[in-house]
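Residue numbering restarts at 1 for every chain, and letters A, B, ... go by the order of the sequence lines. Nothing here was measured: the structure is a model prediction, and the numbers come from that model.
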Amino acid sequence: MKMSQLFLQTLREFPNDAEAISHKLLVRAGYIKKLANGIYTYLPLAQRVLNKISNIVREEMNSTGAQEMLMPFVQPAELWQKSGRWNVYGKELLRCVDRHENQMCLAPTHEEVVTSVVADIVNSYKQLPLNVYHIQLKFRDEIRPRFGLLRGREFIMKDAYSFHTSQEDLDREYEVMGRTYTNIFKRCGLDTRAVQSDSGAIGGSVSHEYMVLTDTAVGENDVFYCDECGYSANSNHADSFLPVEIVDGGFVEEKLIDTPNVKTIAELSEFLNVDSNCILKAVAYIADSKPVIAMIRGDKEIEETKLLNALSALEIRPMENDEIISLLNSYAGFISYRDVDASKVKVLFDKSAKGMKNFVLGANVKDKHFVGSNLPQGIQFVDISCVKAGEYCPVCKKPLKMTRGIEVGNIFQLGTKYSKPMNACYTDAEGQLKPYIMGCYGIGITRTMAAAVEKYHDDFGIIWPKEIAPYHVDIVPVNIDDEVQSKVAYDLYEKLNNLKIETVIDDRTDRAGVKFKDADLIGFPVRITVGKTISEGLVEFKTRNDGVVIKLTPDEAIKKCQEILLN
RNA sequence: CGGGAUGUAGCGCAGCUUGGUAGCGCACCUCGCUUGGGACGAGGGGGUCGCAGGUUCAAAUCCUGUCAUCCCGACCA
């Protein structure tokens, strides 16, 4: 490709509306262009990167026996009503109506379609197991798209779906997919960690997320992990062993005391001169329009995803102050589980409350707390708290570490969550109708591209891993009008391309500085400069990742390219 | 959904306080010159100032509404 022909524009300055470095660089280097909030055009360079990632995904998926197909992006509501998700998916599902007044939606995922297609075609256990996948657009109308491609509304995803006759066979496939995912990301130049996670709107029981670990805010997930035993989990799912399990508040008898204007745990802790873990905190929520009180030890916080799951609710939000008064007959800062009408208000106790004795508790009255309270017998405890730094691994009790992660892939065991309601069955060897046991496996192709940029860049631009770089080599003739330089450069260009080394020649008449800046910004793994050293028969060979420059003859440069760029 | 900010040429911005012919840098086109890290000179093209109302002889500028975008939060009593 001649640089003068390449459809792109590099910008001298970063775009103003981008925050994440991958977003800034992909826009500035001419890879993507925003059309609307969370919706981007992938320009030719980006398309090449996406194709490379997709091809790695294809090779690895195909090698496991999975088969590629392609499913529709626009889907009828009917299917989603059948699975029961039409009413629960919420506003992320972009709905529309066609000219015949049929309700339709843009695909946020493809469980419904694939289940219905397979149900029509696969009737016998002899046709199972099956794993089919496609690489296709998704649309999720996110509350807040951000960070460019990392959280867009429209994005490209590889999603695979497997169908089995037994849980054991699903377990086997799940293992295979897990290994395959690690390989796929490794081939893309990315180290990932598989972490246990909440299964969210997709549903199912077992699931793992594949995280690219990063220290920056764009890693939207907190990951807790243990170096000792390998435990790792998303914060929305992580469990922990508390440093202090049994806490005695030390108040010998229960008393009602005045705590004027002492509302927060920190204030209360200071006012009474007790540790925050001696206070039993109440947090009030509205879950699917019903009031809920979550009781938790004062030094711990509620993990709302866990709470949502514990309640089997679709939606939760913290209670407003006026609702605390009207629904709980209580007062913000002084809420208690006691004296609430159990038929109207659901009360949950986090497992952190289990070891508490003689603690401090709200009195459901403004400016009053109890001290020396104890829990009644027979309480069921649930895990609805966040893990905090300094807590211990739930498996081996060694200290847990935390980091941020970008989720680039996930795998789920769905079981019969979709096959049952959609009545998607096969006939087993005994002639019985059975619902398929399913798994699903996703990879964010566009997000993987952005994650690679997050991981590999410097002040000058992107540093692509060679496996997913849009082109391998950029040839820069310092002065394209110089006959000798031009001839050597074009000769190299032709030879490299003939060797299947994807090469760009910067044939523009611009000065060398412009070409060098663009080469660094775009992130070609190798740059070959044809300049004044050509008088000694030498060109300069520069690798982007380490910045090392060596002088070689053109033939040596070609050999070097083959050596480092082709496996 | 709350809070904050911003909408002026493809990109980055000034102008608005105090209304009076819409500007600058980059990019683009022409000519010259230059060619090892985003040169220089001269000339040129491109914008219904987010949109809709209102005030005014006159609105990018003042007022009202609206839409869009970005950031923070969805906080824990």
Side-chain angles (χ1 to χ4, degrees), chain A residues 8-20 23-24 27-30 33-39 43 90-91 143-148 217 259 261-268 276 279-286 292-304 306-307 315-325 328 330-336 350 361-364 366-367 369 384-386 388 459-461 476-482 485-486 506 508-521 527 529-534 539-540 542 547 549 551:
Chain A
L8 93 168
Q9 181 185 36
T10 57
L11 304 174
R12 191 174 288 228
E13 287 166 280
F14 282 120
N16 186 33
D17 60 358
E19 189 71 10
H23 188 193
K24 287 179 173 176
V27 171
R28 190 174 155 202
K33 180 138 182 66
K34 184 169 77 178
L35 179 67
N37 191 13
I39 302 177
L43 296 167
K91 289 189 175 164
I143 298 178
R144 189 174 155 206
R146 58 176 147 185
F147 302 140
T259 49
N261 262 326
V262 180
K263 289 187 184 178
T264 66
I265 295 298
E267 287 164 2
L268 190 57
S276 59
I279 302 166
L280 184 61
K281 173 165 72 173
V283 191
Y285 287 90
I286 299 289
V292 172
I293 296 176
M295 302 303 301
I296 186 167
R297 207 169 81 180
D299 60 326
K300 297 281 287 176
E301 313 292 339
I302 296 288
E303 169 53 60
E304 294 191 357
K306 289 184 181 178
L307 179 60
E315 199 177 36
I316 55 168
R317 62 169 174 84
M319 223 182 249
E320 305 288 342
N321 280 347
D322 56 335
E323 290 170 322
I324 292 172
I325 295 168
L328 301 181
S330 186
Y331 200 85
F334 307 93
I335 303 173
S336 166
D350 180 63
L361 178 68
N364 278 334
K366 188 172 193 292
D367 294 341
H369 279 89
I384 51 173
S385 53
C386 298
K388 283 167 61 172
D459 289 347
F460 301 104
V476 179
V478 170
N479 183 355
I480 193 72
D481 292 331
D482 179 296
Q485 288 182 24
S486 175
D506 200 336
R508 296 176 298 178
T509 53
D510 293 81
R511 294 160 67 88
V514 174
K515 301 181 189 182
F516 292 155
K517 289 283 184 194
D518 276 344
D520 289 345
L521 184 60
R527 188 183 89 199
T529 307
V530 184
K532 57 195 173 197
T533 56
I534 200 64
V539 297
E540 279 171 27
K542 181 176 179 183
V549 179
K551 291 188 176 141

Suppose we screen for side chain to side chain contact (heavy atoms under 4.5 Å, CB included). Which residues come up paired with [X], at least two apart in sequence or across chains?
X: A/Lys388; result: A/Asp299, A/Glu391
X: A/Ile265; result: A/Ser276, A/Ile279, A/Lys281
X: A/Thr10; result: A/Leu8, A/Asp518, A/Leu521, A/Ile522
X: A/Glu267; result: A/Val262, A/Lys263, A/Thr264

Just jot down the side chain to side chain donor-acceptor pair (under 3.5 Å) partners of A/Asp17, sequence neighbours excluded, or say none.
A/Lys34
If you measure from the [atom1] atom in [N] to the same atom in [M], how many Å do you get, rounded?
N: B/A9; M: B/C49; atom1: C1'; result: 10 Å
N: B/U69; M: B/A58; atom1: C1'; result: 31 Å
N: B/C51; M: B/G32; atom1: P; result: 41 Å
N: B/U55; M: B/A59; atom1: C1'; result: 10 Å
N: B/U56; M: B/C63; atom1: P; result: 16 Å
N: B/G12; M: B/G7; atom1: C1'; result: 14 Å
N: B/G10; M: B/G45; atom1: C1'; result: 14 Å

Pair assignment for [N], Watson-Crick or G-U wobble, requiring both distances under 3.5 Å:
N: B/U17; answer: none
N: B/G25; answer: B/C11
N: B/G41; answer: B/C31
N: B/C70; answer: B/G4

What does the list of N/O pairs under 3.5 Å between the protein and nucleotides 67-70 of chain B look like, with a distance for each?
| residue | atom | partner | partner atom | Å |
| --- | --- | --- | --- | --- |
| B/U69 | O3' | A/Lys34 | NZ | 3.3 |
| B/C70 | OP1 | A/Asn37 | OD1 | 3.0 |
| B/C70 | OP2 | A/Asn37 | OD1 | 3.0 |
| B/C70 | OP2 | A/Asn37 | ND2 | 3.4 |

All ring pair (Phe, Tyr, Trp, His ring centres under 6.0 Å) counterparts of A/Tyr285, not counting sequence neighbours:
none
Identify, with sequence neighbours excluded, every residue that meets salt bridge (charged side-chain N to carboxylate O under 4.0 Å, His left out) alongside A/Arg12.
none
Do nucleotides 33-43 of chain B as a string where each nucleotide becomes B, S or -: B if the base has a protein heavy atom under 4.0 Å, S if just the sugar-phosphate does, - if no protein is that close.
-BBBBBB----
Look at all strands and tell whether A/Ile324 reaches a base, only sugar-phosphate, or nothing, counting heavy atoms closer than 4.0 Å.
base
Across the strands shown, which category fits A/Phe14 at heavy-atom distances under 4.0 angstrom: base, sugar-phosphate, nothing?
sugar-phosphate
Give the rounded distance in Å between these two atoms: CD of A/Gln9 and P of B/G10.
11 Å
